[in-house]
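The basis for the numbers below is simple: all heavy atoms, side chains too, and nothing from hydrogens, waters or symmetry mates. In what follows, every chain begins at residue 1, and chains take the letters A, B, ... in the order their sequences are listed. Source: prediction; values computed, not measured.
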There are 2 protein chains.
Amino acid sequence: MVPRGPRMYLVNQFTSGSRPVKRIADSTVRRLSAYLRFLEDFEHRGLATISSDELARRGGTTSAQVRKDLSFFGSFGKRGLGYSVPELAGRLREILGLGRDWRVIIVGTGKIGAALARHHGFRQRGFMIVAAYDNDPAIVGADLDGLTVRDISRLESDVRREHPDIAVLAVPEEAAQPVAQRLVKAGIKAILNFAPAQLQVPADVTVKTVNMAMELEGLSFALTNRE
Amino acid sequence: MVPRGPRMYLVNQFTSGSRPVKRIADSTVRRLSAYLRFLEDFEHRGLATISSDELARRGGTTSAQVRKDLSFFGSFGKRGLGYSVPELAGRLREILGLGRDWRVIIVGTGKIGAALARHHGFRQRGFMIVAAYDNDPAIVGADLDGLTVRDISRLESDVRREHPDIAVLAVPEEAAQPVAQRLVKAGIKAILNFAPAQLQVPADVTVKTVNMAMELEGLSFALTNRE
DNA sequence: GCCTGTGAAGCAATTCACAGCT
DNA sequence: AGCTGTGAATTGCTTCACAGGC
């Protein structure tokens with residue numbers, strides 16, 4: 001029934017002038033993220049240039065795909081030479097919005113939420129965990145690597161005052177939708193959801209769901225259905 | 001360069017006779033997994049039938065998509081009525097290979113690996129965690145909810161003796177590829193990878209990667225590129 | 001009348017292939 | 001000669017629309 005448009009994004013700020021607006025597929029964004037990772041590796045090793053073919057090999061895709069992905073945003077390479085590693089890395093950071101810090105809150109500090117709160121890898125990429133929430137009085141007040149777990153009753157007032165950009169949702173399945181609604185109402189526009197639930201949110205809110213049960217079932221399917 | 005076929009699966013056991021083999025897209029399998037979750041909810045609530053339209057609403061897709069997804073595997077519904085909830089749930093479990101238990105090992109018991117090892121939700125769906133490994137002598141021997149962390153040097157011999165089906169890879173980025181290679185060499189055919197790395201494995205090994213940095217960057221992109 | 005199952009149509013993503021710059 | 005950038009061709013996923021059974 002309900003017709004759905006593909007989940008894509010405007011990139012009008014990249015298309016100069018008044019040309020028709022471009023839309024970027026999710027899969028493209030994921031690959032850009034992967035390319036950036038490889039470029040950072042190359043940067044560390046002091047390499048100056050890289051070809052679409054090398055990026056493709058590292059990313060498990062094709063050189064044509066790499067060039068097409070980049071072409072949505074501009075022409076960053078030199079024919080006959082390839083791409084300047086630092087320049088392309090910079091462009092990708094800009095495209096992905098990594099030129100600034102993002103304020104992240106974690107909602108639900110059970111096993112997964114707590115592990116995420118303690119994970120320092122996010123900070124390095126500009127995702128600053130600024131608060132963590134739980135509804136269990138036994139957990140509220142606890143310390144998570146310098147972060148004090150707050151009572152979830154403060155969620156709305158905190159969000160309105162501290163305007164975090166991204167909420168990581170790590171609550172039990174049955175709490176996921178109600179908490180998501182509270183987050184949206186308080187003004188959150190981006191949610192990383194670890195609950196095995198399909199969240200219903202307004203179109204201007206972006207949700208990425210990480211569903212480990214689903215991934216395991218995908219592996220089960222693959223193991224079961226092989227020639 | 002390297003041309004890639006789409007990552008799909010044979011389902012010849014579902015297509016009777018010698019008709020040309022069907023291939024199932026990843027996105028379809030993910031949706032089947034979601035449908036099963038909703039069906040289990042309906043089962044608990046004692047509902048007997050469900051229409052493709054109701055499944056679609058819960059799954060954020062369309063009724064045509066639901067029917068098309070199911071049609072790859074057979075005709076499970078009744079025209080004018082819908083689908084029998086228990087029957088369709090059973091069929092989906094069969095299709096997804098959930099009619100049996102799967103033996104899962106966890107490699108790397110840092111924050112994420114340990115949280116996964118302690119997570120009981122997997123067991124309920126037939127994913128039994130049978131061993132956990134680490135290379136840190138300070139962690140080896142520790143107890144994770146009844147599971148003793150083993151020394152990773154035992155990995156190959158254990159895998160060959162205990163033939164686990166799925167390995168969850170939760171090691172640091174730089175260790176991901178070497179450990180994946182060890183797993184593959186020992187005979188593992190399915191890997192759930194939590195390391196932010198693009199694993200290179202033979203075609204008969206299935207890898208699902210859960211990359212939180214990539215998801216966060218997808219949110220960053222969405223927040224940055226809005227009209 | 002209601003809802004499934006499915007070819008056909010439509011649309012989006014990937015791959016091809018080559019012109020054009022270095 | 002080497003490698004990018006990009007229209008065109010292709011592939012494959014999604015949606016339409018309707019015949020067919022309940």
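Atom CZ in Phe72(B) sits roughly 12 Å away from atom C1' in dG7(C) (whole-Å rounding). What separates CZ of Arg67(A) from P of dA17(C) is a distance of 13 Å, to the nearest Å. The interatomic distance linking Asp53(A) (CG) with dT15(C) (C1') rounds to 14 Å, in whole Å. Between Leu70(B) atom CG and dC3(C) atom C1' the separation is 13 Å, expressed in whole Å.
The listed nucleotides are dA8(D), dT6(C), dC13(D); the one nearest the side chain of Ala25(B) is dC13(D). Closest approach to the Arg79(A) side chain among dA19(D), dC3(D), dT14(C) is made by dC3(D) (side chain taken as heavy atoms from C-beta onward). With dA17(C), dC13(D), dA8(C) as the choices, the nucleotide that has an atom nearest any side-chain atom of Lys68(B) turns out to be dA8(C).
A salt bridge is absent between Asp165(B) and Arg103(B); no separation between the charged side-chain nitrogens and carboxylate oxygens falls under 4.0 Å. Residues Arg226(B) and Asp204(A) are not paired through a salt bridge, judged by the lack of any N-O separation under 4.0 Å between the basic side chain and the carboxylate.
Side-chain N/O atoms of Gln65(B) include one lying less than 4.0 angstrom from OP1 or OP2 on dT15(D). Dashed line: the shortest gap from a side-chain N or O of Ser52(B) to OP1 or OP2 of dT4(C) is under 4.0 Å. Within the structure, every side-chain polar atom (N or O) of Tyr83(A) is placed at least 4.0 Å from both OP1 and OP2 of dG2(D). Taking 4.0 angstrom as the limit, Arg31(B) places a side-chain polar atom (N or O) nearer than this to OP1 or OP2 of dT14(D).
Between Ser75(A) and Lys78(B), the residue anchored nearer the 5' end of DNA chain D, judged by the nucleotide with its closest heavy atom, is Ser75(A). When each of Ile50(B) and Ser27(A) is assigned the nucleotide of DNA chain C with its nearest heavy atom, Ile50(B) is the one assigned upstream, toward the 5' end.
In this structure, Arg45(B) forms a cation-pi arrangement with Phe42(B), its terminal cationic atom sitting closer than 6.0 Å to the ring centre and no more than 45° off the ring axis.
No more than 12 heavy atoms of other residues, nucleotides or ligands sit less than 6.0 Å from atom NZ of Lys78(B).
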